[in-house]
Amino acid sequence: MTRNTNGATEEGIEMQIVGVILLLISIGTVVGPVGAVVYLHQDNLMQLVVPPEINQIINGNVVALNDAVGTDQSILAPVFVGAQINNVSRTFTVTVNFTNTFDYNFTLKGLSSTVVCADHDYALGNIGLSNIVEIHAGETAQITVTGAWTQEAENHVITEHPNATSINVNLTNLVMNVNDITIEQNEPISVGDIPIT
Amino acid sequence: MDRKYNWLALVAGIATLLLIVVSLFVPWWQLTVGDPAIANADLSPVYMNFGVLGTSLTIPLVWALNLATLLSLTAGAIVMLIYAIKPAKPYSKSLLGFSWNKPLFAVVLFAIEIVLLTVLPNAFVGFSFPLAGSASVQLPQSMAEGVNISIGVSTGFVWPFFFAIIVAGLGVAARLYHQRVAAPPLQPMK
């Protein structure tokens with residue numbers, strides 16, 4: 001063991017150097033990255049925790065939504081395309097367009113609703129999705145739902161809409177399952193006139 | 001018996017380096033929203049991947065903390081390996097003190113972070129995620145503008161988390177074994 005003029009041992013100096021190095025490593029590994037990021041975002045510290053991509057998603061998709069759907073409709077409202085009716089079996093098929101305004105593919109796994117006479121708020125029947133539908137990003141897909149009406153509904157149409165060739169209907173109690181996200185909307189959705197002859 | 005190395009520390013150091021490499025590519029904990037997923041989060045102390053609707057999000061502060069953890073773990077592993085081959089030097093205890101608890105801190109802090117991540121949303125916005133498993137999360141009406149929305153969520157710990165627990169245990173074992181390795185050799189009685 002050798003001592004210098006101050007009485008400190010070589011081993012003691014060695015330990016102090018190692019201690020200082022380890023302390024510098026401890027501080028540098030944390031202060032370095034965090035300090036650098038804070039310095040880079042010093043003009044807008046909110047961006048440290050709220051990435052700009054969030055705003056892009058929100059703003060981009062809202063703009064796309066407004067452009068694609070229009071101001072009077074929400075993204076949940078399908079656009080009516082056509083319908084077919086089978087009077088013998090009291091069944092009908094409704095085809096709607098659904099536009100995916102996001103940059104992501106969706107899978108429509110379920111769709112059900114009650115069809116209601118818009119004029120009299122009378123339940124005519126129920127509809128359900130026939131098959132799972134994949135709606136690719138930025139595209140519009142046709143969705144076909146099938147349904148059946150009741151004898152009571154038929155009586156309603158005969159008595160309340162005796163000479164009508166079409167009837168204005170709403171969808172109520174709409175339940176949609178998109179990518180295992182279930183959306184239930186209780187507010188009626190206007191479908192418009194569907195032919196009844 | 002001439003104990004020249006701390007074998008446990010050697011294994012712990014190598015395992016820590018292996019853990020770091022694995023953690024860069026395989027998360028410790030995963031969160032998936034929807035099926036097919038529309039949002040996902042892959043988390044580990046050294047890496048985070050958060051995506052929503054196909055857009056990958058980078059949170060700068062989290063990125064910095066990931067990098068800090070990566071550098072800290074790497075430094076700890078290297079120092080552990082240096083200590084492992086020179087456990088009886090005067091400065092060896094300092095080396096061990098710097099390195100043995102790094103994986104343990106990473107595991108404990110990560111576990112706390114995940115618990116907070118699954119519990120805090122309930123306190124602020126009214127829903128929570130499961131720690132591990134699948135659940136249907138009901139969004140509050142205030143968030144859904146009058147529409148009832150329930151979201152299928154799946155979470156779970158992935159195998160690197162359990163490997164990290166083993167590595168943390170090796171660090172603790174290396175610390176305990178130091179007392180045997182650094183003890184002076186017994187002198188024969190005259």
Side-chain angles (χ1 to χ4, degrees), chain A residues 1 9-23 25-26 28-38 40-41 45 47-54 56-58 60-61 74 76 102-107 109 134 137 174-187, chain B residues 32-39 50-76 78-79 82-83 86 89-99 102 134-139 141 144-154:
Chain A
M1 180 188 299
T9 63
E10 281 185 0
E11 291 174 351
I13 294 174
E14 223 173 35
M15 287 178 64
Q16 285 182 358
I17 292 173
V18 168
V20 168
I21 292 172
L22 294 178
L23 180 63
I25 292 173
S26 295
T29 53
V30 176
V31 172
V34 175
V37 164
V38 171
L40 289 173
H41 292 84
L45 292 178
Q47 280 192 349
L48 282 175
V49 290
V50 180
E53 293 91 341
I54 287 279
Q56 289 173 7
I57 290 174
I58 294 171
N61 284 308
S74 73
L76 296 178
F102 291 91
D103 294 328
Y104 200 78
N105 297 337
F106 290 118
T107 301
K109 294 186 173 183
E134 287 193 7
L174 177 69
V175 178
M176 277 199 310
N177 182 324
V178 180
N179 290 43
D180 267 357
I181 296 174
T182 303
I183 302 168
E184 298 179 24
Q185 179 157 334
N186 297 320
E187 291 294 319
Chain B
T32 304
V33 177
D35 180 24
I38 66 166
F50 182 48
V52 177
L53 296 175
T55 300
S56 184
L57 305 178
T58 302
I59 302 174
L61 185 59
V62 174
W63 179 89
L65 292 173
N66 287 154
L67 181 59
T69 307
L70 172 66
L71 294 173
S72 180
L73 280 175
T74 304
I78 293 172
V79 169
I82 295 173
Y83 156 79
K86 294 181 181 297
K89 290 287 187 180
Y91 52 79
S92 294
K93 196 166 184 183
S94 298
L95 296 179
L96 179 64
F98 173 85
S99 60
K102 292 284 189 292
S134 299
S136 184
V137 175
Q138 186 84 25
L139 292 187
Q141 289 272 343
E145 297 181 351
V147 178
N148 295 326
I149 299 178
S150 63
I151 302 174
V153 172
S154 177

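This one's a predicted model, so the numbers in the text were calculated from it and none came from an experiment. Each chain gets a letter, A, B and so on, in the order its sequence line appears, and its residues count up from 1.
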_B:I38 vs A:F106, side chain to side chain contact (heavy atoms under 4.5 Å, CB included): CA-CA, chis, key distance, verdict_ = CA-CA 8 Å; B:I38 66 166; A:F106 290 118; 3.9 Å; yes
*Measuring heavy-atom distances to chain B, does A:V18 have an atom under 4.5 Å in its side chain, in its backbone, in both, or in neither?*
side chain
*Got a second to check how far B:S94's OG is from A:L22's CG, nearest 0.5 Å?*
6.5 Å
_Within-4.5 Å side-chain heavy-atom neighbours: A:N179 and B:D35_ = no
*Just wondering, more than 12 heavy atoms not from B:Q138 lying within 6.0 Å of its CD?*
yes
*chain A: which of B:A68, B:S72, B:S99, B:S136 shares the most heavy-atom pairs with it under 4.5 Å?*
B:A68
*Kindly compute the distance separating OG1 (B:T58) from CD (A:Q47), expressed to the nearest 0.5 Å.*
12.0 Å
*asked:* Rounded to the nearest 0.5 Å, what separates atom CD in A:Q16 from atom OH in B:Y91?
replied: 15.0 Å
*Under the ring pair (Phe, Tyr, Trp, His ring centres under 6.0 Å) rule, collect the residues that match up with A:Y104, sequence neighbours excluded.*
none
*Which residue out of B:L95, B:V79, B:L65 racks up the most heavy-atom pairs below 4.5 Å with chain A?*
B:L95
_Measuring only between side-chain heavy atoms, which start at C-beta, is B:P36 closer than 4.5 Å to A:N105?_
no
_If I take atom CD1 from residue B:I78 and atom CD1 from residue A:I25, how far apart are they, to the nearest 0.5 angstrom?_
8.5 Å
*Under the side chain to side chain contact (heavy atoms under 4.5 Å, CB included) rule, what do A:N186 and B:N148 come out as? Steps first, then yes or no, please.*
CA-CA 8 Å; A:N186 297 320; B:N148 295 326; 3.9 Å; yes
*In terms of heavy-atom pairs under 4.5 Å with chain B, which of A:V175, A:V49, A:V30, A:T107 leads?*
A:V49
*B:I151 CD1 to A:I181 CD1 distance, which is reported to the nearest 0.5 Å*: 5.0 Å
*Is A:K109 atom NZ crowded by more than 12 heavy atoms from other residues, nucleotides or ligands, each under 6.0 Å away?*
yes
*Given a strict heavy-atom distance threshold of 4.5 Å, which part of A:V37 is in contact with chain B: side chain, backbone, both, or neither?*
side chain
*To the nearest 0.5 angstrom, please state how far the CD atom of A:E14 sits from the NZ atom of B:K89.*
7.0 Å
_If you count heavy-atom pairs within less than 4.5 Å of chain A, which of B:G152, B:A37, B:A75 leads?_
B:A37
